[in-house]
Structure formats: C-alpha cells, structure tokens
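Every heavy atom of this structure was used, including side-chain atoms; hydrogens, water molecules and symmetry mates were not. First listed ligand is number 1; within each ligand, the first listed atom is number 1. Note that the numbering runs from 1 along the sequence shown for the chain.
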Amino acid sequence: MMGDGSSTAGWTATPGGLVARFRTRTMVRGLEFVTRVVAAAEAANHHPDIDFRYGSVVLTLITHDAGDEITELDHRLAREISTIASGLDLLS
Ligand SMILES: C[C@H](O)[C@H](O)[C@H]1CNC2=NC(N)=NC(=O)C2=N1
C-alpha cells in the first residue's frame, strides 16, 4: 500500500511489462472499465496494451520511450487503473 492509499496489488512485473487481469463478468462492464482506463491513459499520455474479452480485461504497461522497460510512468498508471477497478468493484 502506498502512502496515498493507492496500491499496485494485482499487478505482476514480467519481461513484457506490468500485467494485471481484471474479471469484469460482462463485456458491458468491461467496456465501462476500458473507457475509464483510456481516459486515464490519455490524461497521462501513457497507454496500456489492452486485451479486452467477454469476462475479463488484461492490461499490460511498459514504457516504449525507455526501450520497453518498466518505469515509474507504468507504476503510476497502474495505481490509477487499480483505483478505477476498485471503483467499479472489479476483482483482479
Ligand atoms: C508521442 C507520445 O507522447 C509517446 O509516444 C507516448 C505515448 N504513450 C506511451 N505509452 C507507453 N506505454 N509508452 C510510451 O513510451 C508512450 N509514449
């Protein structure tokens, strides 16, 4: 848990980036989640790879400008996305 109460719980560092899977149960809830994630990505000018499926959304965060390495930009957006997910009662 971070000092501001945020967390990157549910995220896993892999060679491909920070990865998290969110169970959305329906595609409509998944679309709502993805819509809010894209808004946060646009505001941060930092964008996840999104695997959008019927019952889940898998997000991958890596910084291309840093040679496809995980940077603070990824951790920061991961925290924002986790906050969005908890606001929608999504389980990761
Ligand atoms: C030009 C634009 O600011 C850059 O391409 C931004 C856009 N979004 C990005 N998203 C991610 N994940 N990594 C980047 O390096 C990146 N760079």
**Request:** Any chance you could lay out the salt bridge (Lys or Arg N to Asp or Glu O under 4.0 Å) test for Arg76 and Asp74, step after step, and finish with the verdict?
**Result:** CA-CA 5 Å; Arg76 187 178 307 152; Asp74 302 304; over 6 Å; no

**Verdict with supporting geometry, Phe52 and Leu31, side-chain contact (heavy atoms from CB on, under 4.5 Å)** = CA-CA 8 Å; Phe52 179 22; Leu31 182 59; 3.9 Å; yes

**Prompt:** Under the side-chain contact (heavy atoms from CB on, under 4.5 Å) criterion, do Arg36 and Val38 qualify, and how do the steps go?
**Reply:** CA-CA 5 Å; Arg36 296 185 189 189; Val38 169; over 6 Å; no

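When only interatomic distances are considered, the shortest N/O to N/O separation between Ile62 and ligand 1 falls below 3.5 Å. Here's the thing with His47: one of its N/O atoms is less than 3.5 angstrom from an N/O atom of ligand 1. Any N or O atom pair closer than 3.5 Å counts here, and Asp65 shares at least one such pair with ligand 1.
The shortest contact between atom 14 (C) of ligand 1 and any protein heavy atom is with His64 N, 3.5 Å. Nearest to atom 3 (O) of ligand 1 among the protein's heavy atoms is Asn45 ND2, 2.6 Å.
Thr12 has its side chain out of reach of Leu18: every pair of non-hydrogen atoms, C-beta onward, lies at least 4.5 Å apart.
For atom 9 (C) of ligand 1, the nearest protein heavy atom is under 4.0 Å away.
Neither the backbone nor the side chain of Leu73 comes within 4.0 Å of ligand 1, counting heavy atoms alone.
The backbone N or O of Asp65 sits nowhere less than 3.5 Å from a side-chain atom of Thr63 that would complete a donor-acceptor pair.
For the atom pair CG (Leu77) and OG (Ser82), the distance works out to 9.5 Å, reported to the nearest 0.5 Å.
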